[in-house]
Amino acid sequence: METLVLGIGNLLLGDEGVGCRCVEELERRYVLPPAVTCVDGGTAGFELLPLIEDAQTLIIIDALKDGRPPGTLVLVEDEAVPRLMLTRTSPHQIGICEVLATAQLTGKVPQRLLLFGIEPKSLEVTMGLSPEISQALEKTLDAVVAALSSMGHQIQLRQTP
Amino acid sequence: MAEQIVVDPITRIEGHLRIECEVDGGQIQSARSIGTMWRGLENILKGRDPREAWIIAQRICGVCTTVHGLASVRAVENALDLEVPVNAQYIRNLIVGAHCLADNMIHFYILSALDWVDIASAALHADPKAAAALAQQLSPWKRNSAQEFAEVQARLKKLIDSGQLGPFASGYWGHPGMQLEPNVNLIAAAHYFQALEYQRKVNKIVTILGSKTPHIQNLAVGGVANPINLDSPATLTMEKLYYIKTQIDEVRDFVSQVYTVDVATIAAFYPAWCNYGKAEDGNYLSVPEMPQDSKNMNYTLPGGYIKGGDFASFRKISTAHDPYFEDNVKESVKHSFYAGDWTRAPYVGETEPAYTPDGAQGKYSWVKSPSFLNEPAQVGPLAHVLAMYAAKYPPALQAIERMLGRISAISKETQSVDILTSTMGRHIARSIRVDIMKDTMAEHWKALINNISSGDFTTCNTPSFPEGELRGVGFHEAPRGMLSHWVVIENGKIRNYQCVVPSTWLACPKGTNDEPGYYERCLVGNPIADPEKPLEVLRTIHSFDPCMACAVHLVDGKQMPLGKVRVL
């Protein structure tokens, strides 16, 4: 697998699900080449490890809480993406950072790593995105498509029937 | 003088579990288990089509995806009294088995072994040759070679020298509670890496049958969406089924030659922990699993209730229709942050948050308190293994005897079933259940092939929803214990939905009659060597395999180095 676009988040907690929604929209709106694989990773933990180990380039899209205005899109690259195992009490709180840490341990880390983070507004129990985050989703899709294109992938808008 | 310790880690996750312990004389005197996050995810399901509830339920937890999906379709099928084709039962059972193996092995090696295994000792003091000699004495496993152990040791040394410990960074290295000899530490560390490979193999089974991972897509109310056509490559073919068999066989070897052996070895080195963490005269609740017929009347693995630790009291739960089960599960909010002070059946349960400052009105947790026959009960692989033991299920009796024999041989002391109820015992019981499950999976694989070979290709019965009200419960003996989903359907739409999850049974606050939950009970009497490093609390809590966070997974910006985040 050349490039993996991985959306992360919980669809039941409002803006937390923005990563999954991005991947869903990416696949719906664009024709992607076979070298690009899209996966809605939800809140899965170690089930993602094989996928990550197989990817040469990994693009993660996730909600990123950093105190910025809701909808702010940030990009974190390569070594700056945290790979930590912080949790002590509940071993089931395995997030993407822990899975990355484990991939590093097995020596199978993607050569390139991009994390697109979207500052969430609301993490209430609901299945939709708030308006600010729906807008940020558009900006994120553009940024991801631009990143894929700059890597040499041919991305085309899907013709609406 | 009494001292209070609190384990409340700061993580990227908003809500989780907080444990408060009163320690006196180096021992825990009392404990409180506090769920700090509100789980109201069930409310999303109200008003929806019962056929799609499982897709949403699957998103409740990132670890337990398949289990919530399965419990959900079973609940709706139970409400409709809908039969499930035998092929679908076996296909679901293979997913159940694969998920159990992957999840329980990950729990032991990746998520809790570091409570017992000292990586620094493995890296700095072990002798790969001596470790290999010891490992070969304990097991015929082909990868217990001095060469492989030396490679792992070199990798660990490199990690320690670099200061980038990754997953190992949170371990309590050099803690006085660490008791394995360096060579055993090295064996366990080598198997840690191998476990990652084998969970990958077993997860392949889930991917093939579930069509997609991590969220499977093949479930349906009434069966599974896998068409069986032995000639068409797009469907479940013989080739795919045989590939699944090879994965099962490889993982079976890992379980019998590595996982169970490691658990036995570690248990033998920690005799005191085969005694700490017990709830004397506790109750144990489990349900039958791996159905073999379309009506859910016959299950391969028995389950049921043991009251007060007395095996003679064992009462089998026969089916989800069994009123002994359906009528006796209740949930209380007396000590939880929800409106009211009720104890109710889940069908009429509510999830209306009503936070009161800690201590006011005796409420102190976001977790509800479930009960069975008006008392708390311990769920989990231990409860299931004890039920199978009480039911005298032959493969369970053999697996228990095998495991106790292994521990006895290493510790040079005869071990009895009594050790299973301890902190270490919960790990032992989990490995026994995996040992049984791996064989059950192989049997059900064979039964699936036989059924297809007889010409039955049916995989789904279409549901139809009558007018009026229907109630149904779906249970599942999941990797961390009994899970039940309770649904009330009115005119084809969901009116109420409640999930009673294993961690709720265990991490709950006090119940209706103010009895403590099982985390709270089992921590009492545990030693605390160093209140600054409460390793012992983690050992007991981890032994239950907690799954609290159901499930927020956003990245916390505080983990990122300044100046490396680019705003777009």
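The sequence lines fix the lettering, A, B, ..., with proteins before strands; numbering per chain opens at 1. Every value quoted in this text rests on a predicted model; they were computed, and no experiment measured them.
- Using a 4.5 Å cut-off between heavy atoms, A/E53 touches chain B through its side chain atoms alone.
- Contact between A/G42 and B/H215 at its shortest, heavy atoms only, is CA-NE2, 3.3 Å.
- In terms of heavy-atom pairs under 4.5 Å with chain B, the best-connected choice from A/L51, A/I60, A/T72, A/L73 is A/L73.
- The salt bridge (Lys or Arg N to Asp or Glu O under 4.0 Å) search around A/D142 returns none, not counting sequence neighbours.
- Neither the backbone nor the side chain of A/V18 comes within less than 4.5 Å of any heavy atom of chain B.
- One finds the CD atom of A/E47 at 7.5 Å from the OG1 atom of B/T66 (value rounded to the nearest 0.5 Å).
- Counted within 6.0 Å of NZ on B/K158, heavy atoms from surrounding residues, nucleotides or ligands total 12 or fewer; the atom is thus considered open.
- Taken to the nearest 0.5 Å, the CD1 atom of B/I106 stands 7.5 Å off from the CG atom of A/L49.
- In the displayed structure, A/E138 atom CD is contacted under 6.0 Å by more than 12 heavy atoms of other residues, nucleotides or ligands.
- In this structure, B/E52 places its CD atom where more than 12 heavy-atom neighbours from other residues, nucleotides or ligands lie under 6.0 Å away.
- Neither the backbone nor the side chain of A/T140 comes within less than 4.5 Å of any heavy atom in chain B.
- Across B/L45, B/N43, B/I56, a single residue satisfies side-chain contact (heavy atoms from CB on, under 4.5 Å) together with A/L12, and that is B/I56.
- Residue A/K139 qualifies as enclosed at atom NZ: its count of foreign heavy atoms under 6.0 Å is above 12.
- Heavy atoms of A/L48 lying under 4.5 Å from chain B belong exclusively to its side chain.
- Interface remark: B/Q199 contributes side-chain atoms only to the contact with chain A (heavy atom separation under 4.5 Å).
- Between atom CD1 of residue B/I55 and atom CG of residue A/L11 there is a gap of 11.5 Å, rounded to the nearest 0.5 Å.
- Not a single salt bridge (Lys or Arg N to Asp or Glu O under 4.0 Å) links A/E27 to another residue, sequence neighbours left out.
- Few gaps surround CD on B/E197; more than 12 heavy atoms of other groups in view lie less than 6.0 Å from it.
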Trace of the side-chain contact (heavy atoms from CB on, under 4.5 Å) decision for B/R59 with A/M127: CA-CA 11 Å; B/R59 298 280 177 166; A/M127 282 187 77; over 6 Å; no
